[in-house]
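In each ligand, atom 1 is the first atom listed, and ligand 1 is the first ligand listed.
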Amino acid sequence: MGLCLSLALAQGGIPVCLIEQLGDHNLLEQVPRAGTNHPATLEMYQRIGLYDRLAPRGIVAPVFHYWDRHESRLIAAFDHVHLKDDTAFPFVLQCERIKIVEEAMVLAKIHPLIDLRLLTQFTGFAQDADRIVARVADPAGDEEAIEGAFLVGCEGARSLVRKEMGTLFEGFTYSDRTLNIEVAYDFRQHGYAERNYISDPDEWSNLFHWKGPPDRWRVHFPTAPGDDPEAITKPEALQARLQRFLATGRDFTIVASNLYTVHQRVANKFRIGRAILAGDAAHVNSPIGAMGLNSGVHDAFNLADKLIAILRGEAGDDVLDRYERQRRHVALAHTQAQTIRNKRLLAERDPAVRRRNHDELARTAEDPARAREFLLRSSLIASLREADAIA
Ligand SMILES: Cc1cc2nc3c(=O)[nH]c(=O)nc-3n(C[C@H](O)[C@H](O)[C@H](O)COP(=O)(O)OP(=O)(O)OC[C@H]3O[C@@H](n4cnc5c(N)ncnc54)[C@H](O)[C@@H]3O)c2cc1C
């Protein structure tokens, strides 16, 4: 989020100081994480010159599937072609966060208005009516105070800016953790699309394709609250789980695996004076539906336009309250509500409810008008339109 915001601000003529604790040597060593980029997000990347850098590194995926694992059948196929009149990008781009960071960093490094400080730790801030001062420390522990007009906390779920603002991070944490296994295996030969949501009362899953090398598919599985993390991530346990998912009789080539905790939380304030939150610092949600990174990018562009207007003297600070009203509404009414619903749908245990949900999905996918409405919501275009209407 920090990179998108900085690029949008700098391209609007606003000088930015971007603080990042990681350095060139370890920035790309992170878990790839988010990777499904929705159409409206692609439009935003295009605005800052990022889309053309990402497209060759990603997979264009117009269609996504819902599967019933219990009955081994495809429930519904949704095609973004129904959004052809709503967006210039009627597809998602499967391109992981780490590639987005790498490409955006190239653009940030060459922009004369971006003062990029890698290997720099943000440690706190103080503000008055006119200025805000951020405290940062270099790897040797030497401290520096950086003065500016605004401070935007884009430092993820554990945001220090949020803690120092004294805002609450309201919501809950799922008791079960999600297991993510990346395998080099082409699931398309079994009829899967590049992006699949798979319902099963015993073990729901998600299956996504990423461009290599090596070409990889990420499979998400739920785990039980009492599971021993070490035992369930042993290679033989991962292989057994994958064979239960798809019995090939041969070991899968496992590229990576990790276990993560899923939170559904939204900050009760996105702004206190000159300190503002965006992205995971402001809201976190389950990855089912690919909304975390996307809604964070949408925060960044909404905020960039408002900060540019304020700093050019074209708007007052009160537009930042509108930012909070718009983006907090989206976090609560769209990202949270939809991701909670998505998980419930995939994990539903009642056979009658499952049948009803699946029939409803199938009918929606088959009717072009209803499919478009569904896709407007799932791709967050509806959330942006709704936010635009908030005064
Ligand atoms: C396994 C997994 C899969 C996911 N899949 C999806 C998906 O398919 N689609 C989707 O939309 N979302 C997905 N998400 C969520 C998505 O990754 C996040 O929403 C997104 O990365 C948030 O971006 P951010 O910039 O707000 O925070 P982050 O990506 O967490 O970035 C924060 C940055 O701030 C830096 N930082 C932190 N603290 C400090 C400090 N004190 N000083 C200096 N720098 C600091 C960090 O090093 C980091 O570079 C997934 C998440 C996980 C865990």
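Ranking the protein heavy atoms by distance from atom 23 (O) of ligand 1 puts M1 CE, 3.2 Å first. For atom 35 (C) of ligand 1, the closest heavy atom belonging to the protein is E20 OE1, 3.4 Å. Scanning the protein for heavy atoms near atom 9 (N) of ligand 1, the closest one is A290 CA, 3.3 Å. Among all protein heavy atoms, the one lying closest to atom 26 (O) of ligand 1 is D280 N, 2.9 Å. Here the protein heavy atom with the shortest distance to atom 11 (O) of ligand 1 is L293 N, 2.7 Å. When hydrogens are left out, the protein atom nearest atom 44 (N) of ligand 1 is Q21 N, 3.1 Å; that is the closest non-hydrogen contact. Ranking protein heavy atoms by distance to atom 1 (C) of ligand 1, first place goes to Y260 CE2, 3.3 Å.
The pair K234-E236 fails the salt-bridge criterion, with no side-chain N (NZ, NE, NH1 or NH2) lying under 4.0 Å from an Asp/Glu carboxylate O. Ionic pairing of R355 and E348 is not present here: no N-O contact between side-chain nitrogen and carboxylate oxygen is shorter than 4.0 angstrom. A salt bridge is absent between R158 and D280: the closest approach of a Lys/Arg side-chain nitrogen to an acidic carboxylate oxygen does not fall below 4.0 angstrom. Ion pairing of R57 with E102 is present here, as a side-chain N (NZ or NE/NH1/NH2) and a carboxylate O approach within less than 4.0 Å. Between R363 and E360 there is a salt bridge, with a side-chain nitrogen of the basic residue lying less than 4.0 Å from a carboxylate oxygen of the acidic one. Under the 4.0 Å criterion applied to side-chain N and carboxylate O atoms, K109 and D24 are assigned as salt-bridge partners. The pair E170-R328 meets the salt-bridge criterion, since a charged nitrogen lies less than 4.0 angstrom from a carboxylate oxygen. Using a cutoff of 4.0 Å between basic side-chain nitrogens and carboxylate oxygens, R244 and D200 are not scored as salt-bridged.
Taking distance alone, with nitrogen or oxygen atoms compared against 3.5 Å, N294 approaches ligand 1 more closely than that limit. Between G279 and ligand 1, not a single N/O pair is under 3.5 Å apart. The shortest N or O to N or O distance between G292 and ligand 1 is under 3.5 Å. At a 3.5 angstrom cut-off on N or O pairs, A278 does not count as close to ligand 1.
For F122, heavy-atom contacts with ligand 1 shorter than 4.0 Å involve the backbone as well as the side chain. Contacts with ligand 1 closer than 4.0 Å are made by no heavy atom of R158, backbone or side chain. For R97, every heavy-atom contact with ligand 1 shorter than 4.0 Å involves the side chain, none the backbone. Only backbone heavy atoms of C154 (N, CA, C or O) come within less than 4.0 Å of ligand 1; its side chain stays farther off. Only backbone heavy atoms of T120 (N, CA, C or O) come within less than 4.0 Å of ligand 1; its side chain stays farther off.
Judged by the shortest distance from any of its heavy atoms, G296 lies outside the 4.0 Å radius around the atoms of ligand 1. Using a 4.0 Å cutoff on heavy atoms, T36 counts as a contact of ligand 1. Assignment of V284 to the shell around ligand 1 is not supported, since no heavy atom sits closer than 4.0 Å.
Set against the non-hydrogen atoms of L22, the atoms of ligand 1 under 4.0 Å away are 47 (O). Less than 4.0 angstrom separates some heavy atom of G156 from each of these atoms of ligand 1: 27 (O), 30 (O), 32 (C). Those atoms of ligand 1 with a heavy atom of M291 less than 4.0 angstrom away are 10 (C), 11 (O). Shown in contact with Q121 at under 4.0 Å from a heavy atom are these atoms of ligand 1, numbered in order with element: 40 (C), 41 (N), 42 (N). Set against the non-hydrogen atoms of G35, the atoms of ligand 1 under 4.0 Å away are 7 (C), 8 (O), 9 (N).
Judged by distance alone, the side chains of Q338 and S378 never bring a donor and an acceptor atom under 3.5 Å apart. A donor-acceptor contact closer than 3.5 angstrom links the side chains of H298 and T41.
R218 places no side-chain N or O within 3.5 Å of a backbone atom of N206 that could act as its donor or acceptor partner. Using modelled atom types, no side-chain atom of H334 and backbone atom of A382 make a donor-acceptor pair closer than 3.5 Å.
Of the listed residues (E96, R33, H220), the one carrying the non-hydrogen atom nearest atom 51 (C) of ligand 1 is R33. Between atom 34 (O) of ligand 1 and the options R195, R218, E155, the minimum heavy-atom separation is to E155. Comparing A34, P287, C4 against atom 17 (O) of ligand 1, the shortest heavy-atom distance belongs to A34.
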Next item on the list: Could you walk me through whether S383 and R377 pass side-chain hydrogen bond (donor to acceptor under 3.5 Å, both in side chains), step by step?
Entry: CA-CA 7 Å; S383 81; R377 283 195 308 280; over 6 Å; no
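Of all the heavy atoms in C95 and N37, the pair that sits closest is O-ND2, 3.0 Å.
The ring pair (Phe, Tyr, Trp, His ring centres under 6.0 Å) with F208 is formed by just one residue from the set F187, F64, Y197, W217; it is Y197. The side chain to side chain donor-acceptor pair (under 3.5 Å) with R117 is formed by just one residue from the set E20, E144, Q21; it is E144.
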